[in-house]
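What follows is a set of notes on a single structure, which appears directly below.
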There are 2 protein chains.
Amino acid sequence: MPTGTVTPAHVGDIVRLKDAGLRVTAPRLAVLEALRALDHPSVDAVTEAVRERLGAVSTQAVYDILGAFTAAGFVRRIEPAGSPALFEGRVDDNHHHLICRVCGSVADVDCATGHAPCLTPSERAGFLVDEAEVIYWGVCPSCQGARVSPEGGKAHA
Amino acid sequence: MPTGTVTPAHVGDIVRLKDAGLRVTAPRLAVLEALRALDHPSVDAVTEAVRERLGAVSTQAVYDILGAFTAAGFVRRIEPAGSPALFEGRVDDNHHHLICRVCGSVADVDCATGHAPCLTPSERAGFLVDEAEVIYWGVCPSCQGARVSPEGGKAHA
DNA sequence: CGCCTTTTCTGGAACGATTCAAGAAACAGA
DNA sequence: TCTGTTTCTTGAATCGTTCCAGAAAAGGCG
């Protein structure tokens, strides 16, 4: 492995970071890369991916980076009940999630009517609502076949 | 009022517990009482209320009781992002929640069309959906007046 | 190209919420 | 009342996340 040289790294990522006023660092590029490769990853999953690429990176750094990215609007953090926080790169498009009760896998669902019929609760009790978060709980295709066996056939690493 | 005599306690609660095959104990009755009195309480809030009534009760007992009640269908547990689990006594009626981003207060909202228009995601990706959980994030009446956003409302979501 | 300020990363402790485990106590049926 | 379970107590453990202080990079500037 060539020293200090960062692997491929999309030029777009660098621009993106700079535009957001964030410094360009190897860990950050690796996190962006990981977010592109993984599907709704947890901090842990991102950390693992980043380490595979760069070697040693502190857990804290990944938390910091994901925090900064969330603040910058690069990623969205979702926190399903009973699960650690998950991150997704798709922002700016109003979509919701389907979550499997058995294996925890997450799938995106575009908001049916684009305008979110849900966004307008019948009575809003005086609240100033700015977001409607919808989670559809169910069982994913692969877990349906395996019935309620806790082990099932999870193909996830 | 010292000796082992439990305070009032609704007869209905006792029946309810028995019907569910649960033993009738002071802590359990106190938790039922607390759930009736409090609005979307956390484990902590329930514990506090229970202790006010009975004196010493272990935190673990409250967790156990709430766990048993959840399993029995007496209560529903909701877990808003960034908040400890909250419990509510209203079950069997399909309603959602309005949560204040500032103070965390929770308000119930009946599902607009009774039958949850949300319950049917556009494409369900093969999932077997059994529940649609909707959380409307916003700012409650009292926090609006307080001082959150000097201007009207927050532009982007 | 080096200097300097600022941001970022490291390492380790601290924390809140929740769970696990083992034994003592209380409930309910015979 | 006796007995087998369920439930409660105590105390430690775990998980995910955050807080800290200091060391290490990044980038703008002469």
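Letters A, B, ... are given to chains in the order of the sequence lines, protein chains preceding strands, and every chain is numbered from 1. Remember, predicted model here, so these are calculated numbers, not experimental data.
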Would you kindly compare B:Ser83 and B:Val24 by the position of their nearest DNA chain C nucleotide and give the one closer to the 5′ end? B:Ser83
By nearest-nucleotide position on DNA chain C, the 5'-leaning member of A:Gly21 and B:Gln60 is A:Gly21
With sugar-phosphate meaning primed atoms plus P, OP1 and OP2, does [X] contact a base, only sugar-phosphate, or nothing at under 4.0 Å between heavy atoms?
X	result
A:Ala85	sugar-phosphate
B:Ala56	sugar-phosphate
A:Ser58	base

For D:dT7, does OP1 or OP2 lie under 4.0 Å from any side-chain N or O of B:Arg28? yes
It should be established whether B:Thr25 places a side-chain nitrogen or oxygen under 4.0 Å from OP1 or OP2 of nucleotide D:dC8. yes
Out of [options], which has the shortest distance to the side chain of [X]?
X	options	value
A:Tyr63	D:dT17, D:dT9, D:dC8	D:dT17
B:Arg23	D:dT17, D:dT6, D:dG27	D:dT6
A:Leu22	D:dT9, C:dT8, C:dT18	C:dT8
B:Pro84	C:dA17, D:dT9, D:dC8	C:dA17

Can any side-chain N or O of B:Glu133 pair as donor or acceptor with the backbone N or O of A:Glu133 at less than 3.5 Å? no
Note, A:Arg90 side chain near A:Arg76 side chain (heavy atom, < 4.5 Å): no
